[in-house]
Amino acid sequence: MSTIPASQTELVEGTAIDLDEVMATMHLAFDPAFGEAWTRGQCAGIMGLGGVWLLLSRRCGRPAGFALARGVLDEAELLLLAVQPEHRRFGIGRALLDAVAAEARSHGATRLHLEMREGNPASILYERAGFHEIGRRKRYYRGHDGSSFDAITLACRL
Ligand SMILES: CC(C)(COP(=O)(O)OP(=O)(O)OC[C@H]1O[C@@H](n2cnc3c(N)ncnc32)[C@H](O)[C@@H]1OP(=O)(O)O)[C@@H](O)C(=O)NCCC(=O)NCCS
């Protein structure tokens with residue numbers, strides 16, 4: 001278990017030049033069995049669009065996690081949230097989620113939504129943050145062995 005105190009965690013705004021850091025965390029955080037990770041090309045493509053923002057979390061200057069989100073009018077979407085395994089359960093995921101919500105609110109969003117694989121333990125984090133289920137997409141995620149998994153759409157009022 002890491003012994004770095006949570007107080008040495010910082011959140012910083014990221015840009016496209018931080019793509020290597022994002023992809024390093026992506027590969028460590030997402031299990032390829034579930035097909036939730038994005039490719040470098042998908043990340044680079046979306047980061048070039050208006051209304052998209054990236055937050056990076058670092059512990060003692062080392063990459064720990066990130067959140068990628070976008071806002072359109074009064075809706076915001078959390079596209080990706082990931083924390084490296086060695087930095088989990090220190091409140092980083094929640095801090096990133098709260099920062100995304102605050103940023104979305106400051107841009108006039110009144111609702112934040114996201115897609116999550118059914119059965120992902122991240123649901124506990126989202127429920128505790130006030131999200132509830134609003135829909136489902138059948139076989140939305142495709143794992144590396146061809147297995148498919150439903151996506152649950154969650155939303156929370158800001
Ligand atoms: C989901 C994820 C971002 C959580 O990051 P984290 O930094 O560990 O989350 P936090 O420490 O802020 O967790 C806050 C609370 O959420 C709940 N929680 C988070 N992860 C949990 C887990 N794996 N199992 C059960 N509860 C969990 C707990 O209530 C936790 O509080 P506690 O540690 O005091 O019990 C991280 O596990 C991750 O990167 N997972 C892989 C990628 C992923 O699935 N992202 C979400 C896609 S929708």
Side-chain angles (χ1 to χ4, degrees), residues 1-14 18-40 42-43 45-47 52-71 75-104 109 111-145 147-158:
M1 178 175 284
S2 170
T3 54
I4 302 166
S7 59
Q8 290 174 28
T9 303
E10 57 168 357
L11 288 189
V12 294
E13 231 175 272
D18 300 302
L19 196 51
D20 285 345
E21 182 170 329
V22 167
M23 293 315 294
T25 295
M26 188 90 72
H27 290 307
L28 290 169
F30 287 99
D31 185 338
F34 301 119
E36 298 158 292
W38 288 25
T39 64
R40 191 181 181 90
Q42 287 172 317
C43 291
I46 202 126
M47 280 183 205
V52 173
W53 71 96
L54 171 67
L55 288 172
L56 302 169
S57 172
R58 298 190 179 130
R59 296 184 79 207
C60 286
R62 288 167 48 211
F66 73 89
L68 185 66
R70 74 174 156 202
E75 284 275 334
E77 182 176 14
L78 178 63
L79 300 165
L80 285 166
L81 176 68
V83 175
Q84 296 186 9
E86 69 171 298
H87 297 296
R88 287 185 189 162
R89 306 305 286 268
F90 288 101
I92 293 176
R94 181 61 193 255
L96 284 163
L97 184 57
D98 288 348
V100 164
E103 180 77 12
R111 195 173 80 141
L112 178 62
H113 65 273
L114 62 96
E115 305 278 358
M116 184 201 71
R117 171 180 52 84
E118 183 175 35
N120 188 333
S123 64
I124 298 164
L125 165 65
Y126 295 132
E127 276 163 27
R128 286 185 59 179
F131 284 81
H132 59 278
E133 184 173 334
I134 58 163
R136 172 181 294 260
R137 293 183 180 188
K138 295 299 251 183
R139 296 181 289 282
Y140 184 78
Y141 297 104
R142 179 66 51 113
H144 64 124
D145 67 352
S147 315
S148 56
F149 307 90
D150 289 359
I152 311 284
T153 307
L154 302 175
C156 140
R157 289 245 141 252
L158 293 174

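As the structure lists them, so they are numbered: ligands from 1, and atoms in each ligand from 1. Bear in mind that the values here come from a model prediction, so they are computed numbers and not experimental data.
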**Request:** Could you tell me which atoms of ligand 1, counted from 1 in the order shown, lie closer than 4.0 angstrom to a heavy atom of E115?
**Result:** 48 (S)
**Prompt:** Going by the atom numbers of ligand 1, which of them fall below 4.0 Å from some non-hydrogen atom of R94?
**Reply:** 12 (O)
**Prompt:** Is atom 46 (C) of ligand 1 less than 4.0 angstrom from some protein heavy atom?
**Reply:** yes
**Fill in**
Here the atoms of ligand 1 under 4.0 Å from any heavy atom belonging to I124 are 17 (C), 25 (C), 26 (N), 29 (O)
**Request:** Enumerate the atoms of ligand 1 whose separation from the nearest heavy atom of G91 is less than 4.0 angstrom.
**Result:** 10 (P), 11 (O), 12 (O)
**Request:** Could you tell me whether F131 and Y126 have their ring centroids closer than 6.0 angstrom?
**Result:** yes
**Fill in**
Ranked by distance from atom 39 (O) of ligand 1, the top protein heavy atom is V83 N, 2.8 Å
**Request:** Show which atoms of ligand 1 fall inside a sub-4.0 Å distance from at least one heavy-atom site of A29.
**Result:** 41 (C)
**Request:** Please indicate whether any nitrogen or oxygen in L81 is less than 3.5 Å from any nitrogen or oxygen in ligand 1.
**Result:** yes
**Message:** Checking the N or O distance criterion of under 3.5 Å, is ligand 1 in contact with Y126?
**Reply:** no
**Request:** Answer yes or no for L114: is there a heavy-atom contact with ligand 1 below 4.0 Å?
**Result:** no
**Message:** Could you identify the single nearest non-hydrogen protein atom to atom 31 (O) of ligand 1 and state the distance to 0.1 Å?
**Reply:** R128 NH1, 3.2 Å
**Asked** Of the protein's non-hydrogen atoms, which lies at the shortest distance from atom 36 (C) of ligand 1, and what is that distance?
**Response** R88 NE, 3.5 Å
**Asked** What do you reckon, does P121 have a nitrogen or oxygen under 3.5 Å from a nitrogen or oxygen of ligand 1?
**Response** no
**Asked** Looking only at heavy atoms, which two atoms of I92 and A64 are closest? And how far apart?
**Response** CD1-CB, 3.9 Å
**Nearest neighbour in protein (non-hydrogen) for atom 44 (O) of ligand 1** = N120 ND2, 2.7 Å
**Item:** Nearest-contact summary for atom 33 (O) of ligand 1 - protein heavy atom, Å
**Value:** R89 NE, 2.9 Å
**Asked** Just which atoms of ligand 1 are under 4.0 Å from any heavy atom in A122?
**Response** 1 (C), 46 (C)
**Request:** Could you find the nearest protein heavy atom to atom 13 (O) of ligand 1 and give me its residue, atom name and distance?
**Result:** L125 CD1, 4.2 Å
**Asked** Got the closest protein heavy atom to atom 43 (C) of ligand 1, with its distance?
**Response** F30 CE2, 3.5 Å
**Message:** At less than 4.0 angstrom from any non-hydrogen atom of A82, what atoms of ligand 1 do you find?
**Reply:** 39 (O)
